[in-house]
Q: 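Here you go, one structure.
What's counted below: heavy atoms across the whole structure, side chains too, no hydrogens, waters or symmetry copies. From a predicted model like this one, the values you see are computed outputs, not experimental measurements. Sequential numbering from 1 along the given sequence is applied to the chain's residues.
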Amino acid sequence: MLAIAQSTASHSIIDPVLSPKQPMSAPSSLKQTVCLLFLFAWVAGPLFAQDLLPPVARQEPTELSANGKTRIDEYYWMRNRESQEVLDWLTGENKYLAAVMEPTKALQEKLARELRERIPQTDASVPVPDRGWLWYDRIEDGQQYERYCRRPAAHPDAPEEVVLDVNQIAEGHNFCSVSGPDVSQNGQLIAYPVDLVGRRKYTVHFRDLATGKDLADQISDVTGNMAWAEDNQTLFYTRQDPETLRSDRVYSHVLGTDPANDRLVYTEPDPEFNVGVGKSRSRDFIVIASFQTLSSEFRLINAHHPELEPVVFLARQENHEYSVDHFNGEFFVRTNWEAPNFRLMKATAPGVDKSTWSEVLPHNASTFLESYALLKDWLVVEQRENGLTRIRYRKWDAEDFSTVDFGEPCYAASMAVTPEPATDDLRYAFSSLRTPDSVFEVNLKTGARKLLKQDKIGGGFDAENYVTERLWATAHDGVKVPVSVLRKKSTPVDGTAPCFLYAYGSYGASTNASFDPSMFNFVDRGFVYAIAHIRGGQELGRHWYEDGKLLKKKNTFTDFIDCGRFLVSQKYADPKRIYANGGSAGGLLMGAVANMAPELFHGIIAEVPFVDVITTMLDDTIPLTTSEYDEWGNPNDPVYYDYMLSYSPYDNVEGKAYPHLLVTTGLHDSQVQYFEPAKWVARLRAKKTDSNLLLLHTDMEAGHGGSTGRYDQYVEIALRQAFILRLAGLEK
């Protein structure tokens with residue numbers, strides 16, 4: 001969906017909730033072919049061919065000292081991305097994986113085919129009205145990427161205009177990431193950022209929609225975050241530090257001028273903060289957000305006079321997180337000031353003390369305010385209560401809220417607010433573990449609900465064949481942890497079903513029980529699919545996050561282990577066939593539980609895992625270090641150093657038996673550097689005492705999110721699923 005029209009958040013201003021280490025769509029794909037000069041069989045027992053040997057990584061002990069303590073890292077040399085030895089070792093691991101997985105080739109093809117049959121191959125989003133146009137994106141069978149399109153709102157049956165075809169941009173490239181194009185105020189220009197490497201360094205291009213041709217202007221090495229001023233000539237954008245990739249500067253570019261002379265609008269001096277740009281709901285202000293884990297600060301620029309200097313809305317204060325929007329001549333502030341679960345307030349002008357703000361929606365100790373939407377006659381809020389999203393709405397002059405009824409025990413829902421606020425209709429996205437992605441529209445006057453679109457799932461899918469449940473596991477300290485479960489009605493709850501357990505649990509990012517068509521490759525084969533909503537997320541409010549970070553981070557890991565044991569005790573899982581999955585910061589979770597409870601899991605998939613915690617957090621020259629001290633702690637402090645050392649997966653590898661492991665990474669990953677999982681695998685190979693599988697796949701052409709083309713992603717998913725199905729004895 002076009003950036004100007006796609007907002008599924010409540011308001012258009014940046015609200016820094018999501019983490020840069022958040023899991024992306026999929027890790028790597030199988031891109032090598034291997035000519036084997038020998039025959040082998042993958043058999044029960046150790047489950048790999050005994051005559052296949054992985055490449056051996058040499059050891060070169062390096063002393064790493066901090067706080068008067070020294071650690072030895074025998075694989076520190078792998079950090080050199082340009083080293084031919086490193087590249088050869090990664091390639092060798094890829095070849096080893098391909099050889100070991102060769103017996104599952106037919107299964108992988110079958111899984112990819114099932115996924116393709118299940119997912120709509122020709123599809124289009126619901127058109128969004130904005131400034132006289134209906135904007136949407138669509139994709140066709142056989143295409144890897146989407147097309148961004150529009151039609152005149154007054155003539156919705158008129159021929160569509162293809163604004164941008166990502167397939168054309170991606171031609172000749174193995175990786176292509178295009179952020180949704182941002183439309184100028186007059187609707188005649190778009191700016192669109194393109195990354196062809198996967199390192200999160202974009203080049204912004206401009207297109208004149210009247211001619212369909214790109215302008216000469218190009219802005220290289222930027223973040224892809226941008227916002228148009230109201231003059232249809234000025235684009236605000238952010239740049240990152242070239243080494244750490246911290247977003248630290250805001251520039252403005254005037255069309256037709258040399259980007260080398262672009263005006264530097266703001267530089268963020270604090271290395272723990274990032275910056276971003278957005279636009280207010282009123283479109284009257286460009287908003288510059290400076291944010292880190294525990295505090296934020298906003299600056300405003302009159303969008304009608306982009307040459308003006310930014311004005312600070314409220315100076316940053318320790319432990320104060322807020323975001324600001326502007327609508328109907330007033331400023332609205334979502335703030336945790338004296339409100340751990342956040343409240344909504346109103347300010348008369350920038351620069352006034354927060355003691356002068358008036359309260360719109362008070363704090364609620366049991367309800368977390370995630371976001372809000374400002375409509376002409378309505379206030380809409382998105383809250384999380386008892387682990388589930390609630391969408392509530394009221395007239396501006398009313399006191400009581402009405403609530404949208406979703407009608408399922410576990411689900412995912414979010415507002416999909418249109419750019420035009422003069423409406424009585426609210427759109428929202430909805431899905432559940434068994435309900436495909438849907439877009440509804442509810443009339444706020446009558447409460448009548450209308451389904452605008454629901455994905456048509458092929459392959460004989462029928463939601464009535466499945467059961468979803470919401471369970472509560474008891475953690476080691478007595479805390480109740482929600483678990484969402486999906487299974488076929490015919491799958492017995494008698495301790496015989498294999499179980500695939502997923503979690504994330506970091507940065508306050510809540511994991512929703514949303515529809516995932518790929519999971520039916522498991523569930524239709526008798527698996528129970530479960531999501532553990534562990535501490536470190538924000539499902540049960542702000543305290544759920546606080547109890548899973550810094551010096552309480554181990555709660556994240558023990559919660560996951562306790563959820564796994566709960567599923568076994570309640571006979572949702574065969575104790576010999578329970579499998580775990582997590583990515584990025586969730587990959588840290590996988591590494592930690594592999595060390596802490598290896599006997600619980602038969603197999604683990606760790607996608608782009610953040611596993612070398614101390615070494616990374618001590619190195620302020622690489623991305624995502626200083627800005628995350630408030631998430632993990634600063635290991636320059638001995639207290640945090642010792643605590644992080646006690647759980648860092650890489651530092652806690654021991655000479656013992658581990659589960660079967662599939663580990664993925666991307667050579668160009670800027671969020672979790674490839675050498676973290678690479679070193680982890682090398683150390684595991686040298687120390688573990690079992691004969692279980694240990695496989696590493698490095699996508700040599702991608703970054704944190706893996707392949708960008710959808711068919712390539714199907715191949716990646718099939719590889720991971722074949723790994724699990726083979727272990728579970730369900731490869732047929």
Side-chain angles (χ1 to χ4, degrees), residues 9-17 185 225-231 234-238 247-252 263-363 369 371-374 379 381 396 421 627 630:
S10 57
H11 47 98
S12 56
I13 301 308
I14 298 167
D15 195 353
V17 173
Q185 172 58 25
N225 171 222
M226 57 195 181
W228 282 98
E230 291 294 282
D231 64 352
T234 305
L235 185 80
F236 288 83
Y237 63 92
T238 57
S247 177
D248 63 350
R249 288 159 291 157
V250 178
Y251 288 84
S252 64
R263 171 191 169 209
L264 177 60
V265 177
Y266 174 69
T267 299
E268 175 51 59
D270 192 325
E272 294 189 23
F273 279 73
N274 286 272
V275 295
V277 294
K279 204 166 186 180
S280 67
R281 179 71 162 154
S282 65
R283 295 178 176 157
D284 289 334
F285 291 95
I286 298 294
V287 181
I288 299 173
S290 293
F291 53 91
Q292 49 113 260
T293 308
L294 295 178
S295 65
S296 52
E297 179 180 75
F298 283 74
R299 289 170 168 78
L300 305 178
I301 299 175
N302 189 318
H304 303 277
H305 296 282
E307 73 282 358
L308 297 178
E309 292 299 313
V311 175
V312 176
F313 183 82
L314 180 74
R316 67 190 67 178
Q317 297 172 342
E318 189 175 357
N319 296 320
H320 182 214
E321 299 172 63
Y322 76 94
S323 59
V324 61
D325 204 352
H326 180 260
F327 181 68
N328 253 359
E330 297 178 300
F331 294 94
F332 292 82
V333 187
R334 176 182 175 269
T335 172
N336 71 343
W337 171 48
E338 298 180 348
N341 275 341
F342 289 82
R343 56 178 166 164
L344 185 63
M345 305 190 77
K346 193 161 56 175
T348 56
V352 301
D353 188 83
K354 62 180 183 291
S355 62
T356 67
W357 296 352
S358 60
E359 195 167 67
V360 177
L361 186 65
H363 175 257
L369 176 61
S371 54
Y372 60 95
L374 306 171
L379 169 65
V381 295
W396 281 107
S627 62
D630 288 320

Q: Any idea how W337 and W357 line up, ring-wise: parallel (<30°), tilted (30 to 60°), or perpendicular (>60°)?
A: perpendicular
Q: How far does OH of Y251 sit from CG of L264, to the nearest 0.5 angstrom?
A: 4.5 Å
Q: At what distance, to the nearest 0.5 angstrom, does CG of L361 lie from CD of E359?
A: 7.5 Å
Q: Measuring from R299:CZ to E268:CD, what's the distance to the nearest 0.5 Å?
A: 7.0 Å
Q: Measure from the side-chain N and O atoms of D325 to the backbone N and O of R281, and report whether any donor-acceptor pair falls under 3.5 Å.
A: yes
Q: Examine F332 together with F327 and report whether their ring centres are nearer than 6.0 Å.
A: no
Q: Which heavy atom of F236 sits nearest to which heavy atom of A229, and what is that distance?
A: CE1-CB, 4.1 Å
Q: For a 4.5 angstrom cut-off between non-hydrogen side-chain atoms, does W396 reach L374?
A: yes
Q: Please examine the side chains of V277 and Y237, heavy atoms only from C-beta on, and report whether any two atoms are closer than 4.5 Å.
A: no
Q: Measuring from atom NE2 of H320 to atom CG of L314, what distance do you get when rounded to the nearest 0.5 angstrom?
A: 6.0 Å
Q: Can you tell me how far apart CG (D248) and CG (D270) are? Round to the nearest 0.5 Å.
A: 11.5 Å
Q: For S280 and F285, indicate whether the former's side chain and the latter's backbone hold a donor-acceptor pair under 3.5 Å.
A: yes
Q: Would you name the heavy atoms of F313 and P350 that are closest together and state the gap between them?
A: CD1-CA, 3.6 Å
Q: So, for F331 and F298, is the gap between ring centers shorter than 6.0 Å?
A: no
Q: Looking at E330, is its backbone amide N or carbonyl O close enough to the side chain of N328 to form a donor-acceptor pair, meaning the two atoms are under 3.5 Å apart?
A: no
Q: If you take all heavy atoms of G276 and F291, which pair is closest and at what distance?
A: N-CE2, 4.0 Å
Q: Does L379 form a side chain to side chain contact (heavy atoms under 4.5 Å, CB included) with L344? I'd like the steps, not just the answer.
A: CA-CA 11 Å; L379 169 65; L344 185 63; 3.9 Å; yes
Q: Does a side-chain N-to-carboxylate-O contact under 4.0 Å join K354 and E338?
A: no
Q: Taking it one step at a time, do H363 and N341 satisfy side chain to side chain contact (heavy atoms under 4.5 Å, CB included)?
A: CA-CA 7 Å; H363 175 257; N341 275 341; 3.5 Å; yes
Q: Show the nearest heavy-atom pair for residues H326 and S282, with the distance to one decimal.
A: ND1-OG, 2.6 Å
Q: When rounded to the nearest 0.5 angstrom, what distance separates CG in N336 from CD in E321?
A: 5.0 Å
Q: Say whether, by atom type as modelled, one donor and one acceptor occur between the side chain of Y266 and the main chain of V275 under 3.5 angstrom.
A: no
Q: Restricting to non-hydrogen atoms, name the atom on N274 and the atom on S247 that form the minimum distance, rounded to 0.1 Å.
A: OD1-N, 3.1 Å
Q: Tabulate below the donor-acceptor pairs under 3.5 Å that side-chain atoms of residues 303-310 make, not counting sequence neighbours, or state none.
A:
{"residue": "H304", "atom": "NE2", "partner": "D284", "partner atom": "OD1", "Å": "3.0"}
{"residue": "E309", "atom": "OE2", "partner": "R263", "partner atom": "NH2", "Å": "3.0"}

